[in-house]
Amino acid sequence: MAFRFDKSLGRTVLFSVAVVSFIIAVYQTILLNSIGKNYTLYMVSFVCVMWFRYLGLDTKTAAKDTPVPRSGTATKAGAKPAANRPKGKRRK
């Protein structure tokens, strides 16, 4: 049986670990009044966020590589396409 890694589940776990470790680190920093003693918790949070972003890069590049169908004419935002306007009438 082959093992498949589900990226969305992995990203969710990484984000959860990052948030939990950051919250614990902030709480311990306030409680102990020392950032140095909680440096490892901050770094665990930072590494999880970086890994989370790295795993998300594959989905962004895959979406960016797929071509988007475009119409023959470029229109302004909110304007009707030229094919739908009646011919011979001017816009006011």
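All residue numbers refer to positions in the sequence shown, counting from 1. Predicted, not measured: the structure shown is a model, and the values here were computed from it.
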- Task: Determine the minimum heavy-atom distance between S45 and A18, stating which atoms define it.
- Result: OG-O, 3.0 Å
- Item | ILVMFWY network linking V19 to L14, side-chain heavy atoms under 4.5 angstrom | yes
- Quick one: which residue pairs count as a side-chain hydrogen bond (donor to acceptor under 3.5 Å, both in side chains) with a foot in residues 32-41, not counting sequence neighbours? T29-N38
- Note on the structure: Joining Ile, Leu, Val, Met, Phe, Trp and Tyr whenever any side-chain heavy atoms lie under 4.5 Å apart, the cluster holding Y27 also takes in L31
- Message: Test of understanding: with side chain to side chain contact (heavy atoms under 4.5 Å, CB included), list the residues that count as partners of V26, not counting sequence neighbours.
- Response: F22, I30, Y42
- Message: Restricting to side chain to side chain contact (heavy atoms under 4.5 Å, CB included), what partner residues turn up for V20, sequence neighbours left out?
- Response: I24
- Query: To which residues is L32 joined in a hydrophobic cluster, defined by side-chain heavy-atom contacts under 4.5 Å among Ile, Leu, Val, Met, Phe, Trp and Tyr, whether direct or through other members?
  - Reply: none
- Residues at least two apart in sequence or cross-chain that pass ring pair (Phe, Tyr, Trp, His ring centres under 6.0 Å) with F15, listed by chain then number, are F52
